[in-house]
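Note that the structure is a prediction, hence the values are computed from the model and not measured. Chain letters run A, B, ... following the sequence lines, proteins first, then strands; residues in each count from 1. Just the heavy atoms: all of them, side chains too, but no hydrogens, waters or symmetry mates, feed the values below.
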Amino acid sequence: MREIPKTYEPKKYEDKIYKLWEKSGFFNPDNLKLPKNAKPYTIILPPPNITDKLHLGHSSMLAIQDLLIRFHRMKGYRTLWLPGTDHAAIATHNVVERKLLKETGKTRHDLGRKKFLEEIWKFLHVTQKTILGQTRKMGASLDWSREAFTMDEERKVAVKKMFIDMYNEGVIYRGERIVNWCPRCHSTLADDELEYENQKTKLYTFKYAKNFPIAIATTRPETKLGDTAVAVNPKDERYKKFIGQIIEVDFFGVPLKIKIIADRNVEKDFGTGALGVTPAHSMVDWQMAEKNALPIVKVIDEDGKIKNNFGQFSGRTALEARELVVSELKKAGLLEKEEEMENNLSTCYRCGTAVEPLPSKQWFVAVDKKLKRLGNKSLKEKALEVAKQKKIQFIPLRFAKRYTDWMENLHDWCISRQIWFGHEIPVWYRSSEPHPSPLLNTGEGVKPLRTGEEVYVGDNPPVGKGWTQDPDTLDTWFSSGMWTFSTLGWPNNFKKNEKSGDLKKFHPTQVLETGYEIITLWVSRMIMMSLFAVGEIPFENVYLHGMVLDKFGKKMSKSKGNGIDPLDMIEKFGTDAVRLALLIGSTPGNDVRISEEKIESFRNFVTKLWNIYRYAATTHPDMQLVEKINPKDIKTLADKWIVSKSNILIAGLTNDLEGYKFSLAGEKLQNFIWNDLADWYLETNKIEKNEKVLGYVLDKILKLTHPFAPFVTEKIWTDMPASSADKMSPKVRPLARQRSNLDLLMVSKWPVSDKKLIDKKSEKEFEKLQKTVGQIRNLRSSYKIDPVRVITAYGKVANQGIIEKLARVKILEAKPPIGGLASVGKSLVKISDLGIDIAELIDTEKEKVRLQKEIENLTKLVSNTEGLLANKKFTASAPKEIVAQNKSRLKEYQEKLEGQKELLGNLG
RNA sequence: GGACGAUUAGCUCAGUUGGUUAGAGCGUUCGAUUCACAUUCGAAAGGUCACUGGUUCGAGUCCAGUAUCGUCCACCA
């Protein structure tokens, strides 16, 4: 007999098993022995940021995807799960910048662009491997031979090609947009580089001039020099009559042409309910200007000073100009009110200077431009169409709405970023005149670019005097938007609009599994870019998982100290337990709570599974796994029951997994293994041994559990002899198995439910047996009788021998029911010959109440079913079996109802 | 302000197109345990499915409204 330890020790086996899998080569679909027409099943791993360390969010994502991947691999799909990392431009930029400051006290500006980028690459060569190494710990069956990085050479080529293609079709264009500008650092700031300061400031209410009909309120009077409109709420009765008018005024020497426009974003109750629109120096105003085709007048320059041509105001700083405007307003008697208010001021995260919103030249992707290659539809239209036609399905469904809502409101996508780390923009300029907007940041300070410039876009940059490359970089999402096809060999595998190689084999992918917070940022971009580049959707399904929260439902964070480190948990409880804890109890789109206790309880489940194996292997030393059972070998009632239940489980689980109901599937599995197999079948198996059936059930649960808990199942599988084709003796077999990589559970065939083995009658009978045993045990303990002698209420005891052994009682004789009382209550057995009055066992009043309630319920059921059968719509359309089923149910209810009424009568 | 979600046992949550008398785990209570299982087993108690209406033969499930909580987005001139 083999020595099997009492508990499964994950630490001892997990790394070895992972290596065994990797060595087998089956993570790579090219090595799977499959028929030529095997369907592909592809998931591209959402690339984690290189700055990340594995956290529970990753673990959850990996557990779900690996479950899907392992399930489909076992089902015989050409299964590919492709790993990679994201350069995460801004995040990485920030991390390295902070590191630099901490270690050397230097800023990136001190280092200069070239040196800073070298620092970044040094950093990422170290961190990049960390996160992917940690994903191996989760048991992720990723094809490492296809690993990609959003900024490796292949992806650089792809990104450049995409930019050039889009530019050539006029999808990418250069335009102006408001950016956050720090007048001190002379640099643009991303939204998440802003810091907010709550400040007291003054709100001024005034009219531009005596002849202007509406007073406006503002905290920045100096920008009013650039106003081109006044916006009011369209429902505002006070101003309705002015909408559409253009009024010319003289604003202390500066002529203004103000159009009155309506915009629903204007609040009637704030200030005067009218808003002076300064397109060049406010994000919102810029959008209004776009909508209403307003002229844009720039007032403030890059140093935060008033530009030329603004008379007495020119050359002053914004604050000086503000004071001057206010004093002029006072002098002219135009200032109506001056009040204190709280304001949220955006400041530069580096120097704390107030940020100045300024327009600057940026590159954009036009989402509304009609394209020939998209059948004369725009990217937006096409991306909406595929969702509306359900070519792309969202799981859960409600997120389809979030996607379409967002898509419908999509504006052109600004893809240039004024940071140093990221994909270069394949654009070169040459000119002689200074550029009007010197905001393009070359890294070594601002160098003016020029007007009248020549622009070159392409991958054969002109060499020679005067040509400089665009110093900006591309938005991270531009490269990650291409992720499904750039990882599969686009553009090399896409010549003359024909897919080849991996792109042909694996695109479109089957599932994108990601967090719901990222639908707008990533999912929508991937869809548009894939439609543009490959002419097809990037994925057929989008599965959205929730966030992982602590046991109190709070976000995990370092500052709160409530974070759980998955690597610690793996160390402590094993990967399988962590995976199970993340999969069971989490439903699509909903957040999942996790705690150490939860993981621990799943470790117990793994131990249970291990001990089932231990029992099997020690009590049946020669036992083998049985893939297909000979009906002759199914002997006892318990055999029939467990085989039937196994086949129901197979069907249910397969169905659930196909429908993305992982939690439900996991629960069913756990229930079956723990409550049915371990608690009941193993107990009866001790009495009536049947190693064929045990081997059969074990074979099934190992396979069904594998996608959830791959390590422990693979370990048991490799240790356990199988009966399949191999003729070697069981004793040699385990060793042989380890030598042959063909015989891994990971690539075994997913079981198919055999309907012939489903036996509802035996199931019912066994359930009755379970109940009887439980009742006897309980009665026995309640009355402290040992050994117990029991007389059944009914004439005959089915499965008497088994019941006696399981409940450890002796059933003495069988007697018919004693009046009505014998069948009252849930128990089928009563003690009678032990000197206990049977009436003691029953609380008559309680029984009456219970019976009355039951009669009430049954009456309702009878009337409902009668109603259903009387409904012509139902009887005409429902299948015959269903109608018949309801008829027999009705009869059953009626009989039960009669019986219960009689019992109630007997009770008095 | 807009959108979406949640409200089911003491706690955490399932509940598949409406259809046997609403489920699980934890906790509580009562018992058992020489057994493959430091991590075992059997049982019990515990629910007006947030509230009010509606549709239906039938509603936890569909519709409308109310309340409370949460998430995202926008805005703070």
Is it true that Lys11(A) and Glu9(A) make a salt bridge, defined as a side-chain N closer than 4.0 Å to a carboxylate O?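 A salt bridge is absent here (no side-chain N lies under 4.0 Å from a carboxylate O).
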
Gap between atoms [atom1] and [atom2], on [X] and [N] respectively (whole Å):
{"X": "Asp719(A)", "N": "A36(B)", "atom1": "CG", "atom2": "P", "answer": "19 Å"}
{"X": "Tyr516(A)", "N": "G70(B)", "atom1": "OH", "atom2": "P", "answer": "14 Å"}
{"X": "Asp656(A)", "N": "A24(B)", "atom1": "CG", "atom2": "C1'", "answer": "15 Å"}
{"X": "Ile612(A)", "N": "U40(B)", "atom1": "CD1", "atom2": "P", "answer": "13 Å"}

Got a donor-acceptor contact below 3.5 angstrom from the Thr684(A) side chain to the Tyr681(A) backbone?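 Here the side-chain-to-backbone pair exists.
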
Whether the side chain of Thr587(A) engages the backbone of Asn590(A) through a donor-acceptor N/O pair (distance < 3.5 Å, no angle test) should be reported.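 Looks like no, no N/O pair under 3.5 Å.
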
Any residue of residues 667-688 of chain A with a heavy atom less than 4.0 Å from an atom of RNA chain B: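 By residue number: Trp674(A), Ala678(A), Asp679(A), Trp680(A), Leu682(A), Glu683(A), Lys686(A).
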
What parts of residues 590-603 of chain A reach RNA chain B, counting only heavy atoms under 4.0 Å away?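 Under 4.0 Å from RNA chain B: Asn590(A), Arg593(A).
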
Hey, could you give me the OG1/CG distance between Thr619(A) and Leu682(A), rounded to the nearest 0.5 Å?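 Thr619(A) OG1 to Leu682(A) CG: 7.5 Å, rounded to 0.5 Å.
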
What contact category does Thr219(A) fall into here, base, sugar-phosphate, or nothing, at under 4.0 angstrom with non-hydrogen atoms?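 Result for Thr219(A) = sugar-phosphate.
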
Contact class for Lys6(A) vs. all strands (heavy atom < 4.0 Å): base, sugar-phosphate, or nothing?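 Sugar-phosphate contact only - Lys6(A) comes under 4.0 Å of backbone atoms but never of a base.
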
